[in-house]
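All residue numbers refer to positions in the sequence shown, counting from 1. Indexing begins at 1, ligand by ligand and atom by atom, following the structure's order.
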Amino acid sequence: MRVPEEVLELARTAKGVTVLTGAGMSAESGLATFRDAQTGLWAQQDPSELATPEAWEADPARVWAWYRWRMTLMTRAQPNAGHRALAEWSEAGDAHLWVVTQNVDDLHERAGSDVLAHLHGSIFALRCSRCGQDADAVGEPLTEPVERLDPPVCVHCGGLVRPGIVWFGEALPQDALERAEAATLSADLVLVIGTSGIVYPAAGLPIMAHHRGVPVVEINPEETDLSDIATATWRVPAGEALPALLTALRENTA
Ligand code: BJW
Ligand code: ZN
């Protein structure tokens with residue numbers, strides 16, 4: 001696959017690259033994106049209505065069943081060629097890469113990247129919804145999706161255990177957001193991969209870069225809310241674009 005000249009030139013000359021990834025990054029690992037039509041048990045449910053404190057308050061067993069099943073799918077999934085190319089670029093290239101992800105899976109890490117910031121937390125970092133302490137009781141493994149499943153109970157206070165992710169209306173982890181902002185300000189290229197760019201404050205990071213004159217490259221098969229501010233857009237899946245970019249960078253320096 002040919003890398004657009006402008007993308008290659010920006011990547012080749014950048015010394016610091018902030019990479020902002022979203023659900024599309026893990027699509028080729030078989031994980032549904034957030035705004036894909038949901039299938040199966042949750043087909044009738046808008047995911048943005050399940051990922052809220054209100055949904056949890058109203059029916060924790062329904063929300064826990066959804067997350068417990070997604071934990072299973074994320075555990076089974078493997079990093080794809082895009083995750084691996086980012087990790088290799090980071091290891092081998094001249095540029096420093098800061099990976100900032102909105103994803104709650106651990107596929108970047110399993111591909112070998114150090115993730116600077118998990119803006120929306122991690123599905124595996126469980127904590128008590130009442131006292132806030134970390135929890136490791138994940139409960140019975142789920143081998144198929146179920147409609148409802150009682151969440152585990154906190155050993156300290158008896159509260160319900162919830163996934164360590166950020167729901168709508170909840171604040172992002174302050175330290176992660178600060179690291180992501182600092183990396184965005186230090187970068188001379190921001191690469192936006194596989195995100196619809198509609199959820200804030202994450203979507204504000206490339207916008208901030210753009211306002212400061214930092215080039216933004218979007219890798220996404222579809223147009224997004226961030227396409228207008230992108231210096232260059234590359235309409236291909238991440239799992240094809242990133243290995244091609246890595247190969248082209250290597251050829252360039254050979
Ligand atoms: C490919 C591909 C391939 C497919 N290759 N690409 C109005 C204006 C501004 C803000 C707000 C507002 N009203 C409300 C807000 C705030 C709200 C918000 O942004 N709402 C918008 C929807 C309007 N934000 C919040 O509430 C945040 N908190 C906050 O603001 O706190 C304030 C506060 C301060 C102090 C105290 C208290 C509060 C929190 C946001 C949390 C988001 N959480 C979720 C769930 C996480 C857990 C879970 O996974 O269940 O995070 S929602 C969901 O969206 C998830 C994602 O990380 C996030 C972003 O989605 P993403 O990654 O972009 O996925 P998709 O599916 O949308 O897009 C996939 C893309 O991939 C598509 O473009 C495809 O084309 C592409 N793709 N295959 C490359 N192979
Ligand atoms: Zn507790």
Of the side chain and backbone of [X], name the one, both, or neither that has a heavy atom under 4.0 Å from an atom of ligand 1.
| X | result |
| --- | --- |
| His120 | side chain |
| Glu28 | side chain |
| Ala27 | side chain |
| Leu172 | side chain |

Out of all atoms in ligand 1, which are within 4.0 Å of some heavy atom of [X]? Include the element for each.
| X | answer |
| --- | --- |
| Val199 | 19 (O), 40 (C), 42 (C), 54 (O), 58 (C), 59 (C) |
| Ile165 | 47 (C) |
| Glu170 | 27 (C), 28 (N), 29 (C), 31 (O), 38 (C), 39 (C) |

Discussion item. Is there a polar contact between ligand 1 and Trp167, counting only N or O atoms under 3.5 Å apart?
Written reply: no
Response to the item:
heavy-atom search around atom 34 (C) of ligand 1 in the protein gives Ala171 CB, 4.0 Å
Worksheet entry | Residue, atom name and distance, where the atom is the protein heavy atom closest to atom 72 (C) of ligand 1 | Asn220 ND2, 3.8 Å
Practice prompt. Indicate yes or no: at least one non-hydrogen side-chain atom of Pro201 is less than 4.5 angstrom from one of Leu172.
Written response: yes
Worksheet entry | the Zn ion (ligand 2): protein N, O or S atoms [distance under 2.8 Å] | Cys128 SG, Cys131 SG, Cys154 SG, Cys157 SG
Discussion item. Going by salt bridge (charged side-chain N to carboxylate O under 4.0 Å, His left out), name the residues that satisfy it together with Arg110, two or more places apart in sequence or in a different chain.
Written reply: Asp106
